[in-house]
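See structure below.
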Amino acid sequence: MRQGLPQGAVLSCLLFNIMIDDVEAAIQKVPRVSCLFFADDVVLWATGSNIRPLEITLNSSLLNLATWANTNKMEASVEKTVSQLFTLSTKQHLFHLEYKGLPLLERFFFVQILWDQS
């Protein structure tokens with residue numbers, strides 16, 4: 001049995017939005033995590049002055065997202081998933097976010113803007 005919505009169908013967008021209606025609440029169960037949705041893309045972020053607690057916070061939120069996805073029989077496209085650390089600090093920071101082995105990429109495009117760690 002195949003699950004999903006036909007691409008381009010009139011009701012697909014509405015049904016998808018109904019399906020993911022509670023994902024924001026799952027992500028934001030962790031305090032200080034914000035999220036933004038555009039179509040089927042999700043951006044998570046947290047701000048603070050200490051990087052280690054931010055890493056723990058975002059990993060907890062990603063774990064909640066993975067739990068939500070499993071419960072709702074949805075799956076994130078790990079190949080299209082990236083993470084990025086933005087900091088005013090000039091020194092290198094070890095920062096590891098994990099969602100099924102999510103790598104920290106140094107460059108990626110989001111809405112046709114190149115985000116570069118340098």
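Since we're looking at a predicted model, the values are computed, not measured. Just so it is clear, the values below take in all heavy atoms, side chains as well, and ignore hydrogens, waters and symmetry mates.
- Under the 4.5 Å side-chain heavy-atom criterion for Ile, Leu, Val, Met, Phe, Trp and Tyr, F37 and Y99 are members of the same hydrophobic cluster.
- In this structure, OG on S12 lies 11.5 Å from CG on D40, to the nearest 0.5 angstrom.
- When each of T71, L65, N70 is checked for a side-chain contact (heavy atoms from CB on, under 4.5 Å) with T67, only T71 meets the rule.
- With a 4.5 Å cut-off on side-chain heavy atoms, V42 and E24 do not count as touching.
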Residues M74, V23; criterion side-chain contact (heavy atoms from CB on, under 4.5 Å); working and verdict: CA-CA 11 Å; M74 306 253 322; V23 71; over 6 Å; no
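- Expressed to the nearest 0.5 Å, how far OG1 of T57 lies from CG of L62 amounts to 11.0 Å.
- Taking each heavy atom of W45 and C35 in turn, the nearest pair found is CZ3-C, 3.7 Å.
- Contact record, D22 with W68: OD1-NE1, 2.9 Å, taken as the closest heavy-atom pair.
- Between I18 and L14, the closest side-chain pair of non-hydrogen atoms falls below 4.5 Å.
- Between L85 atom CG and I51 atom CD1 the span is 5.0 Å, to the nearest 0.5 Å.
- Closest heavy-atom contact between F16 and A39: CE2-O, 4.0 Å.
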side-chain contact (heavy atoms from CB on, under 4.5 Å) between R32 and T47, worked out: CA-CA 7 Å; R32 297 184 341 209; T47 60; over 6 Å; no
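- Between V33 and S61, the shortest heavy-atom distance links the atoms CG1-OG, 3.5 Å.
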Test side-chain contact (heavy atoms from CB on, under 4.5 Å) applied to M19 and L15, step by step: CA-CA 6 Å; M19 182 68 186; L15 293 173; over 6 Å; no
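- Not a single donor-acceptor pair under 3.5 Å links the side chain of N64 to the backbone N or O of I27.
- Listed for the S83 side chain is no donor-acceptor partner under 3.5 Å among the backbone atoms of L97.
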